[in-house]
Amino acid sequence: MSTTASYAPSPALIFETLNAYQRSGALHAAIELDLFTAIAEGNTSARMIAERIVASVKGTRVLCDYLTVIGFLNKRGDDYSLTSDSAVFLNRHSPGYVGSISRFLGNVEGLEAFKDIAAIVRKGGTVMGQEGLESAENPVWVEFARSMAPLTTMPAQLIADLIGAKDGAKWKVLDIAAGHGIFGITIAKNNPNAEIVAVDWASVLSVAEENATKAGVADRFRQIPGSAFEVDFESGYDLVLITNFLHHFDVATNEGLLRKVHAAMAPGGRAVTVEFIPNEDRVSPAMDATFSLMMLGATASGDAYTFSEYDRMFRSAGFSRNELRELAPSPQRVIVSYK
């Protein structure tokens, strides 16, 4: 007798996937309406929630039921409650609130990049123009800097702990494509002897400067505006942060940048790279593996690279060794590279 479970083919996954845009649309709507905050404040029935968010009772009930089905709410009888994830990350009163990321992840330009994935696959890269989202001074990165900073708070602190920032060593830190600046700023907050030098477009660095001022480290935070491929990094860096940047480019471009990074580092310096890094099978973990499609649609030549691919890039650029570190509970991974 066979122990293999029988499986009857079903079109359910096909139907669900073709309608998956409704899933993201529902979450964007709930964040816009501040529905999760309304429930956190004690509004638990569809009518109470509807009154709080100024919406129809029927529409609120349908949205809440849908959010329950896809895992963002719990339902008991006619009352809704937040899941642990929603309570921490989607309640505006929570210090872990990250609802602002909806503005960047749902921006029109980003959605346009994926209107015709068949065309993207045929081409092997973005159909948004020659450079995609990487065009010079693209205003989308200002929105990124403003919207995505809350999501970075936890991994930034994990990295500061990982590299021993609290030991207080005198560090000169280069933050490449700094964006909101949170990674470098967090190191400065943990290490009073760290000086941060941030590289990015001038319009983006203005957001990072605001964040540095709010964090009380503006006196140890300075800027080098411009493209990381063109500006002079200066030299003598003990630490270089390369966060969510290399995935935008092809191997040859990355190796050229990494040689420049290597030359700017002090003896014994380290580079810390934060990325979505799939396993060597390229289909796990799911979030890291599916990130490659995002890069295919949004960039001319980017990808989600495996650790072995990054290891070759860094070694080609002159680094002596590279260590892969987990960053749980963040889905991203870290590579620490040594000069």
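If you're wondering where the values come from, they're calculated on a predicted model, not measured in any experiment. Values below: all heavy atoms of this structure, side chains included; hydrogens, waters and symmetry mates excluded.
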Lys172, NZ atom: more than 12 neighbouring heavy atoms under 6.0 Å: yes
Closest approach of Ile49 to Ile39 (non-hydrogen atoms, all atoms of both residues): CD1-CG1, 3.6 Å
Residues, nucleotides or ligands: over 12 heavy atoms within 6.0 Å of Arg23 CZ: no
Side-chain donor/acceptor of Ser206 to backbone N/O of Ser203, under 3.5 Å: yes
Exam field: side chain Asp200 to backbone Gly179, donor-acceptor pair closer than 3.5 Å: yes
Polar side-chain atom of Asn190 near backbone of Thr186 as donor-acceptor pair, under 3.5 Å: yes
Donor-acceptor contact present, side-chain Asp288 to main-chain Asn279, <3.5 Å: no
Neighbour count >12 (heavy atoms, 6.0 Å) for atom CZ, Phe15: no
Criterion salt bridge (Lys or Arg N to Asp or Glu O under 4.0 Å) on Glu195 and Arg222, from CA distance to verdict: CA-CA 8 Å; Glu195 172 197 355; Arg222 62 185 178 89; 3.0 Å; yes
Close side-chain approach of Glu280 and Ser308, heavy atoms under 4.5 Å: yes
Side-chain donor/acceptor of Asp281 to backbone N/O of Val283, under 3.5 Å: yes
Euclidean distance, His262 NE2 relative to Tyr237 OH, rounded to 0.5 Å: 16.0 Å
Close side-chain approach of Leu296 to Ile117, heavy-atom, < 4.5 Å: no
Neighbour count >12 (heavy atoms, 6.0 Å) for atom CG, Asp78: no
Between Ser102 and Glu32, a side-chain donor and acceptor under 3.5 Å: no
Residue pair Pro329 / Leu158, side-chain heavy-atom distance below 4.5 Å: yes
Greater than 12 external heavy atoms within 6.0 Å of Lys115's NZ: no
Check: Ser86 side chain, Phe72 main-chain N or O, donor-acceptor pair, under 3.5 Å: yes
Closest non-hydrogen atom pair, Lys339 against Ser320: O-OG, 3.7 Å
Pairwise side-chain contact, Ile277 with Ile335, heavy-atom cut-off 4.5 Å (strictly under): yes
Note, Leu241 side chain near Ile187 side chain (heavy atom, < 4.5 Å): yes
Gln332 vs Asn244 side-chain heavy atoms within contact, under 4.5 Å: yes
Flag, side chain of Lys260 to backbone of Phe233, donor-acceptor distance under 3.5 Å: no
Thr213 side chain to Glu209 backbone, donor-acceptor under 3.5 Å: yes
Nearest non-hydrogen partners of Asn322 and Ser337, listed with the distance: OD1-OG, 2.6 Å
Non-hydrogen side-chain atoms of Val207 and Asn211 separated by less than 4.5 Å: yes
Test item: Lys123 side-chain N/O and Thr126 main-chain N/O as donor-acceptor pair under 3.5 Å: yes
Set of ring pair (Phe, Tyr, Trp, His ring centres under 6.0 Å) partners for Phe291, sequence neighbours left out: His247, Phe276
Closest approach of Leu327 to Pro155 (non-hydrogen atoms, all atoms of both residues): CD2-CB, 3.8 Å
Backbone N/O of Phe104 and side chain of Arg146: donor-acceptor pair under 3.5 Å: no
Asp65 and Tyr80: side chain donor to acceptor below 3.5 Å: yes
Partner residues of Arg270 under the salt bridge (charged side-chain N to carboxylate O under 4.0 Å, His left out) criterion, sequence neighbours left out: none
Qualifying residue for side-chain contact (heavy atoms from CB on, under 4.5 Å) with Leu90, from Ile31, Asp34, Thr37: Ile31
Taking every non-hydrogen atom, the tightest pair across Arg220 and Asn193: NH1-N, 4.3 Å
Spacing of OG1 belonging to Thr306 relative to CD belonging to Glu275, to within rounding of 0.5 Å: 12.0 Å
Heavy-atom side-chain proximity of Leu35 to Leu73 below 4.5 angstrom: yes
Salt bridge (Lys or Arg N to Asp or Glu O under 4.0 Å) between Glu51 and Arg47, worked out: CA-CA 6 Å; Glu51 290 178 358; Arg47 182 170 297 279; 5.2 Å; no
Smallest separation among heavy atoms of Leu246 and Tyr305, with atom names: O-CE1, 3.9 Å
With Phe314 via ring pair (Phe, Tyr, Trp, His ring centres under 6.0 Å) - residues at least two apart: Phe319
Straight-line distance of Leu82 CG to Leu67 CG, nearest 0.5 Å: 10.5 Å
Step-by-step side chain to side chain contact (heavy atoms under 4.5 Å, CB included) determination, Phe245 to Thr273: CA-CA 9 Å; Phe245 187 60; Thr273 302; over 6 Å; no
Rounded distance [0.5 Å steps], CE in Met48 versus CD in Glu41: 10.5 Å
Steps toward side-chain hydrogen bond (donor to acceptor under 3.5 Å, both in side chains) verdict (Ser292, Asp303): CA-CA 5 Å; Ser292 59; Asp303 205 345; 4.6 Å; no
Atom CE of Met294 with >12 non-hydrogen neighbours under 6.0 angstrom: no
